[in-house]
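Shown next, in structure tokens, is the structure this report addresses.
What you see is a predicted model; the values in this text were computed from it and never measured. First the proteins, then the strands, lettered A, B, ... as listed; each starts at 1.
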Amino acid sequence: MNGIRRWIALGALVSCLIVTRAASADECLTCHAALGDKPSTLFKADIHHVKGITCAGCHGGDATSSDMEPAMDRKAGFIGKPNGDSISVLCARCHSDAQQMKRLHSSIPTGQLELLQQSVHGNLATSGKSRIAQCTTCHGSHGIVAVKDPRSPVHPRNVVATCTRCHSNATYIRSYNPSLPVDQREKYLTSVHGTRNAVGDLKVAECASCHGSHNILPPKDVKSSIYPTNLPKTCAKCHSDADYMKEYGIPTNQFEQYAKSVHGIALLEHNDLGAPACNSCHGNHGAMPPGVESISKVCGTCHALNSELFSSSPHKKAFDDLNVPECESCHGKHEILVATSALLGTSPEAVCARCHVAGTKSFDEAGMMRRLVDTLETSESEARMLVEEAEQKGMEIGEAKFRLRDIRQARLEARTMVHAFNEERLRTIIGKGLTVAAWASEEGRQAIDDYYFRRVGLGVSTLIITILVIALYLFIRRIERQQRQRGTVTSHSSHGSTS
Amino acid sequence: MSRIGKALYQWLDERLHLDDLVTFMDKKSVPVHRGSIWYYFGGVTLFLFIIQVFTGILLLLYYKGSDQLAFESIQFLMSKVSFGWLIRSVHSWSANLFVLSAVIHMFSVFFERAYRFPRELTWLTGMLMFFIALGFGFSGYLLPWNELAFFATKVGTEIVGVVPVVGKPLMVLLRGGEEVSGATLSRFFGFHVAVLPGLFVVLLSVHLIMVQRQGMSEPLEEGHQQGARRNTIPFFPNFLLRDMLLWLIVLNLLAILAVFFPWELGKKADAFAPAPAGIKPEWYFLFMFETLKRFPAKVLVVEGEVLGVLLFGVAGLLWTLVPLWDRKRDQGRRNRVLMYVGIAVVVYILVFTIIGWLA
């Protein structure tokens, strides 16, 4: 049976060769097209075919020979179907050769293979035989088209589907990184980026926009574009580009504001990886601005106690009724500055005064809460100053210095408690801090008094000892003078008995 | 002397034969020469030791020798107990001056060749006391259980551990285990307040009795001017009063140091914390510490550190036994080579101590 099939194929090939011989230089394609196989069908639309590269460009052999034997002669360099890492190496023969690319009138970069090998996909696959991804894994093999071509698997419209072929496959991903989520695509489709991408907006971010393409690194790699300290700049590539964002009608100063915020300074200047980046509030694959109703929940993922206290406070209902965002109304959003007690109270810069009117009970309460916090801050700085002064004077004041932490803790608790907007509860915590502050101040004062007492004591004792020294010296001189007058001292005959 | 005084003296004399002692004291004289000043450092060392004992006993009233309480007890002593800060500062400063004074005393005896016949045993007891004084310093340094002391003790006991054969068992004995811990503190406390003072007092008694029996040594050239008239002063009261004059000056110095430079307590020791930068032993161990740091990792087949420790051990032994091998001593001749060796040792110790201090 196999023999008959082989003869039929051969017959078809021979007749096809006869027909097309004169018309084509790629004899491989001529015959394989006659056979109607998938690779040759796809290859006709391949950019490499368009650029005049024959099958032998990758598979080796002699594409000019219509005779199968010499065309596919291994001695003539025919390699058959490349596999494993040899695929990428084969592509790089041209794609890493700047001269060759120039000859082919291509302006695409020539360092892709190096980048791929350094990327997370350049690690060894679980099979242990080759790297995780080859060029063909994403670009395809025989039907490769330009990235800008909508048919390309790495075209912005298709790249999500291409990446998620593996990344949404839980079984496959588990073998590399069991903790890596596989729901990125689902999340992406719910995001602003995903929804716009689905309707053909090619400017919005897709996988490669944030992760890179050939040079994708693990998120924990400090060089990765999505490493926490790099992420804000990655987002800002588009979101801070006013021209690029023009058609979307959203501000482009978020990064500028964020960089000045308490969060931005912590992350970008102090490298505090616990500080939030863009994705901490907006989500990453499902990126979307948090709505009014969910903003306190988003902030509350870190500021849990503040969020809880606010939710149980009278302000919660008032904010809901007014449909204003909870945390953001007082603290701002991208440019959140260090919260000082200046936010509290009735002064013009205090946020309470934006809603509460003078003469009302709530206005007075706001003023009282500010005074309580101020009292604690003043007491704390006084205690700290006294303790530091005593320490600078060399006094042992370790316990009081240690207890300064308790005052600071009370101040922080008080700041948190402000979110309950309950004067009594705030007064209890402030009272706790004031008690410790009074104790520490007293300790500092005593130590400073002690310092001066020691110096006075030293002066007196030094004086007494000095008088004693002088008196003793004079006494010795007197008795030695008397001894000399009596001739009983200083010099007498000796015969070295003591030497 | 008043009538009551005379009666009391007579009562005591009948029982203790004080007349013999008074006669001895009356006849005892001290040579006067260009090097007489060095005689006083023995007395200053004794005075500082007495201060150590006195302030040490007062510290004992509050100190708690456990890793949980030691630091806090000193903190309490310094901040809450009346004059506790003064007692601790005086104890710490006098400990350092005590070692300094002992070093000066030792070198003055060495350069004056006062260890020669018949004072070999006096030198030997003095050297043993000097080693015990270093032991006092090393053990006392750990007692506040602060960070610097903890890591310095760790390094110090590690150095003991590199001595071949006996090093490791000795290190375990000192530490009370493989690591520096609360057991080490308990041991060091025991050594510091019981073992070392006991040994020291016995040696001190022997040393002082021998000094009294043999009298003060004189420089070679003074001692061999046979028949010449030699300047002396009576020990009592002249020398003793001068001694007291110096003691008062030292007391004044101690008070000034204690008030202007109170001994810091630092941070409590934490065995799990990383070693702080700039750990140094007490200044009197600095020259050895600096030398060991500069030793090559390996000298032929021997570990550099092991060789260094062994060399220091041999040098210490040779120094201690100098009366036995300084052969020119009996002829009453100066041993110039030994003098140059002594000067080289002083220069070496000074240079390496300064380097260690500045490092």
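Under a cut-off of 6.0 angstrom, the local environment of NZ in Lys401(A) is sparse, with at most 12 non-hydrogen atoms contributed by other residues, nucleotides or ligands. Counted within 6.0 Å of CZ on Arg408(A), heavy atoms from surrounding residues, nucleotides or ligands total 12 or fewer; the atom is thus considered open. Within 6.0 Å of CE in Met210(B) there are more than 12 heavy atoms belonging to other residues, nucleotides or ligands. For CD of Glu264(B), the number of neighbouring non-hydrogen atoms (other residues, nucleotides, ligands) closer than 6.0 Å is 12 at most. Summarising the local packing, OH of Tyr451(A) is surrounded by more than 12 heavy atoms from other residues, nucleotides or ligands at distances under 6.0 Å. For Glu413(A), the CD atom counts as densely surrounded, since its 6.0 Å shell holds more than 12 non-hydrogen atoms of other residues, nucleotides or ligands.
Using a cut-off of 4.0 Å between Lys/Arg side-chain N and Asp/Glu carboxylate O, Lys80(B) and Glu443(A) are scored as salt-bridged.
Taking 4.5 Å as the limit, some side-chain heavy atom of Arg242(B) sits within range of a side-chain heavy atom of Glu480(A).
For Leu468(A), the parts lying near chain B are the backbone and the side chain together; criterion is any non-hydrogen pair under 4.5 Å.
Here the closest non-hydrogen pair linking Met78(B) and Arg454(A) is O-NH2, 4.1 Å. A pairwise comparison of heavy atoms in Leu245(B) and Tyr473(A) identifies CD1-N, 3.9 Å as the closest pair. Considering all non-hydrogen atoms of both residues, Gln483(A) and Pro234(B) come closest at NE2-CG, 4.3 Å.
Summarising the geometry, atom CG belonging to Leu472(A) is positioned 10.5 Å from atom CG belonging to Leu246(B); distances are rounded to the nearest 0.5 Å. The distance from the CG atom of Leu253(B) to the CD1 atom of Ile465(A) is 10.5 Å, given to the nearest 0.5 Å.
Each of Asn252(B), Leu86(B), Ile256(B) was compared with Leu458(A) under the side chain to side chain contact (heavy atoms under 4.5 Å, CB included) criterion, and only Ile256(B) meets it.
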Check against side chain to side chain contact (heavy atoms under 4.5 Å, CB included), Asn238(B) and Ile476(A): CA-CA 7 Å; Asn238(B) 301 48; Ile476(A) 292 169; 5.8 Å; no
